[in-house]
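The first residue in the sequence is number 1, and the count goes up from there.
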Amino acid sequence: MAERIDKLLAHEGYGSRKDIKKLLRSATVLLNGKQIYDSSIQINPAVDEVLVDGELVDFHQNIFIMMNKIMHTVSSTKDGEHQTVFDLLDDKLRTPYLLEKLHLVGRLDMDTEGLLLFTTDGDFTHRVTSPKTHVDKTYFVILEHAETDESKAQIEKLFAEGIEVGPEDNEAGFLCQPARIKWCSQEEFDLYTTNSSYKEALARTQTVVQNCNLQAALLTITEGKYHQVKRMFKAVNNSVAYLKRISMGKLTLDFNLKCGGYKILPEIEE
């Protein structure tokens, strides 16, 4: 769909529409290889190529950003007391257009780390987060207390059948959908704690991990209710010391991303 070039360039952070008029006079702005001066010219951002002083303008038809969320950050655009995940984005991703359109595909609690997805694609977000779609979400969990082999088998059974969790804060208790749990090897533990703040979380709860196969697991759920993972383990008389989202649908966290780091995804599969 065609739109005025001054509007599109303003969305991408090149200034106000008045600034764009000046830009077209002072800079070299090429539209499909030809220099333009008229700020009212209509372009189709899906097919037209625009360069400003030799730099290609990315009109962000739809953008997807993967972040390795760090602890102590809030999953919102603004917070009066704490740093938000949007604060971690570069200025180039904080243009008026993106600040209006960019949103999160599901939230994470302040002290939960791991996979966080930003996008401007509202239809994608609705499809992924709708309760009707039952998209898998996998979390890496370190528990405060080790489980025995016998209790591990019991937890697996209870989660697979759908465990009932109690109320928390203003949220009522509920019956969880069936979930899958897999206990971690040392190799998996080392991978999932890469680029994380897990040591800080364990220190805060005075948790010591002596055998990760008895104390660390991957939990896959198809819901995302309030503190659900923590409440599920509370229902089996344990507590979560550290929590990190590993995957959502077909999207898996890039474990090379530093805490608070992010990357723009070229494409994404649901």
Side-chain angles (χ1 to χ4, degrees), residues 60 62-95 97-131 133-142 179 188 191-201 217-232 240-270:
H60 296 129
N62 267 315
I63 188 172
F64 295 89
I65 304 169
M66 173 192 291
M67 176 178 283
N68 181 12
K69 180 185 175 294
I70 190 171
M71 287 173 56
H72 311 308
T73 54
V74 179
S75 296
S76 65
T77 54
K78 296 180 181 179
D79 186 273
E81 298 180 23
H82 305 96
Q83 186 179 47
T84 76
V85 293
F86 283 85
D87 293 334
L88 301 176
L89 297 177
D90 186 82
D91 287 345
K92 290 183 178 180
L93 296 171
R94 297 172 61 80
T95 67
Y97 173 77
L98 288 177
L99 286 175
E100 179 185 354
K101 300 293 184 181
L102 198 61
H103 60 272
L104 297 172
V105 184
R107 297 159 58 90
L108 290 176
D109 294 339
M110 184 162 67
D111 287 334
T112 300
E113 296 195 315
L115 176 62
L116 197 60
L117 183 63
F118 301 73
T119 188
T120 55
D121 190 339
D123 291 337
F124 173 88
T125 301
H126 176 72
R127 292 193 299 271
V128 170
T129 59
S130 171
T133 56
H134 300 292
V135 173
D136 283 353
K137 291 167 278 288
T138 299
Y139 294 82
F140 170 68
V141 184
I142 301 177
E188 291 170 322
L191 174 63
Y192 300 136
T193 54
T194 300
N195 291 321
S196 76
S197 308
Y198 86 101
K199 290 183 179 178
E200 178 188 341
L218 290 179
L219 177 66
T220 300
I221 61 177
T222 57
E223 305 165 283
K225 296 187 178 179
Y226 181 73
H227 289 178
Q228 180 170 341
V229 174
K230 297 173 184 176
R231 292 162 76 183
M232 289 174 69
V240 173
Y242 175 73
L243 187 60
K244 180 178 185 177
R245 184 157 64 192
I246 299 301
S247 66
M248 185 164 50
K250 296 180 180 179
L251 185 66
T252 299
L253 178 66
D254 181 346
F255 298 109
N256 291 317
L257 283 175
K258 302 292 185 184
C259 283
Y262 63 88
K263 68 178 185 180
I264 297 176
L265 302 177
E267 59 182 277
I268 191 167
E269 284 187 77
E270 293 180 39

**Student:** Using 0.5 Å steps for rounding, measure from the CD1 atom of I246 to the CE atom of M248.
**Tutor:**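 Rounded to the nearest 0.5 Å, the CD1-CE separation comes to 12.0 Å.
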**Student:** Is K258 close to N68 at the side-chain level, that is, under 4.5 Å between some pair of heavy atoms?
**Tutor:**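 Result no, sub-4.5 Å side-chain heavy-atom pair not found.
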**Student:** Tell me every residue that passes salt bridge (charged side-chain N to carboxylate O under 4.0 Å, His left out) with D136, counting only those two or more places apart in sequence or in another chain.
**Tutor:**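 Scan of D136 (salt bridge (charged side-chain N to carboxylate O under 4.0 Å, His left out), adjacent residues dropped) gives R180.
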**Student:** Within a reach of under 6.0 Å around NE2 of H126, are more than 12 heavy atoms found that belong to other residues, nucleotides or ligands?
**Tutor:**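 No, NE2 of H126 has 12 or fewer neighbouring heavy atoms, counting only those of other groups under 6.0 Å.
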**Student:** So does L257 get a backbone contact from the side chain of N195, meaning a donor-acceptor N/O pair under 3.5 Å?
**Tutor:**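 Such a contact is found between N195 side chain and L257 backbone.
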**Student:** Taking T120 for the side chain and I63 for the main chain, is one N or O donor matched with an acceptor at less than 3.5 Å?
**Tutor:**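 Present.
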**Student:** I need the minimum non-hydrogen distance between R107 and S76, along with the two atoms involved.
**Tutor:**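 The pair with the smallest heavy-atom distance is NH1-CB, 4.1 Å.
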**Student:** Could you pull out the closest heavy-atom pair between A179 and M232, with the gap in Å?
**Tutor:**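 What the structure gives for the nearest pair is CB-CE, 3.8 Å.
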**Student:** Run the ring-ring contact (aromatic ring centres under 6.0 Å, His included) test against Y242 and tell me which residues pass, sequence neighbours left out.
**Tutor:**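 Checked Y242 against ring-ring contact (aromatic ring centres under 6.0 Å, His included); zero matches.
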**Student:** Would a distance-only check, ignoring hydrogens and angles, find a side-chain to backbone donor-acceptor pair under 3.5 Å from R245 to G114?
**Tutor:**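 No: the side chain of R245 does not pair with the backbone of G114.
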**Student:** What closest approach, in Å, do M71 and E113 show between heavy atoms, and which atom pair accounts for it?
**Tutor:**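 Looking at all heavy atoms of both residues, the closest pair is N-OE2, 3.0 Å.
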**Student:** Just by modelled atom types, is the T73 backbone N or O under 3.5 Å from a matching donor or acceptor in the Q83 side chain?
**Tutor:**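 No.
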**Student:** Enter the distance from L93:CG to L102:CG here, rounded to the nearest 0.5 Å.
**Tutor:**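 So the CG of L93 and the CG of L102 are separated by 7.5 Å.
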**Student:** Quick one: does any side-chain atom of Y262 pair with a main-chain N or O of D90 as donor and acceptor, under 3.5 Å?
**Tutor:**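 Looks like yes, one N/O pair under 3.5 Å.
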**Student:** Can you list everything that forms a salt bridge (charged side-chain N to carboxylate O under 4.0 Å, His left out) with K137? Sequence neighbours excluded, please.
**Tutor:**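 Residues passing salt bridge (charged side-chain N to carboxylate O under 4.0 Å, His left out) with K137: none at all.
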**Student:** Would you check if L117 and F124 make a side-chain contact, meaning some heavy-atom pair closer than 4.5 Å?
**Tutor:**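 Yes, at least one pair of side-chain atoms sits under 4.5 Å.
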**Student:** Mind jotting down which residue pairs meet the salt bridge (Lys or Arg N to Asp or Glu O under 4.0 Å) criterion with at least one end in residues 217-229? Sequence neighbours excluded, please.
**Tutor:**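 The answer is E223-K225.
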**Student:** Find the distance between CZ (F64) and CG (D121) and round it off to the nearest 0.5 Å.
**Tutor:**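 If we round to the nearest 0.5 Å, F64:CZ and D121:CG are 4.5 Å apart.
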**Student:** List in chain and number order the residues that pass ring-ring contact (aromatic ring centres under 6.0 Å, His included) with Y226, two or more places apart in sequence or in another chain; answer none if no residue qualifies.
**Tutor:**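 Scan of Y226 (ring-ring contact (aromatic ring centres under 6.0 Å, His included), adjacent residues dropped) gives none.
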**Student:** Supply the atom-to-atom distance I142 CD1 to Y192 OH, rounded to the nearest 0.5 angstrom.
**Tutor:**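 If I round to the nearest 0.5 Å, the distance is 12.5 Å.
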**Student:** Just by modelled atom types, is the K78 backbone N or O under 3.5 Å from a matching donor or acceptor in the T84 side chain?
**Tutor:**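 Between the backbone of K78 and the side chain of T84 there is no qualifying donor-acceptor contact (under 3.5 Å).
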**Student:** Which residues pass the salt bridge (charged side-chain N to carboxylate O under 4.0 Å, His left out) test with K263, sequence neighbours left out?
**Tutor:**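 Testing K263 for salt bridge (charged side-chain N to carboxylate O under 4.0 Å, His left out), a comparison that skips the adjacent residues, returns D254.
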**Student:** Between S130 and R127 (side chain of the first, backbone of the second, donor and acceptor by atom type, cut-off under 3.5 Å), is there such a pair?
**Tutor:**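 Not at all, since once roles are kept as given, no pair shorter than 3.5 Å links the two residues.
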**Student:** Between atom CD1 of I70 and atom OG1 of T112, what is the distance when rounded to the nearest 0.5 Å?
**Tutor:**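 Between I70 CD1 and T112 OG1, I get 13.0 Å after rounding to 0.5 Å.
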**Student:** Is a side-chain donor or acceptor of H103 paired with a backbone partner of T119 at a separation under 3.5 angstrom?
**Tutor:**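 Looks like yes, one N/O pair under 3.5 Å.
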**Student:** Atom CG of N62 and atom CG of D123: how far apart are they, to the nearest 0.5 Å?
**Tutor:**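 It is 8.5 Å, given to the nearest 0.5 Å.
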**Student:** Please check if the side chain of K244 supplies one atom and the backbone of T193 the other of a donor-acceptor pair under 3.5 Å.
**Tutor:**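 Absent.
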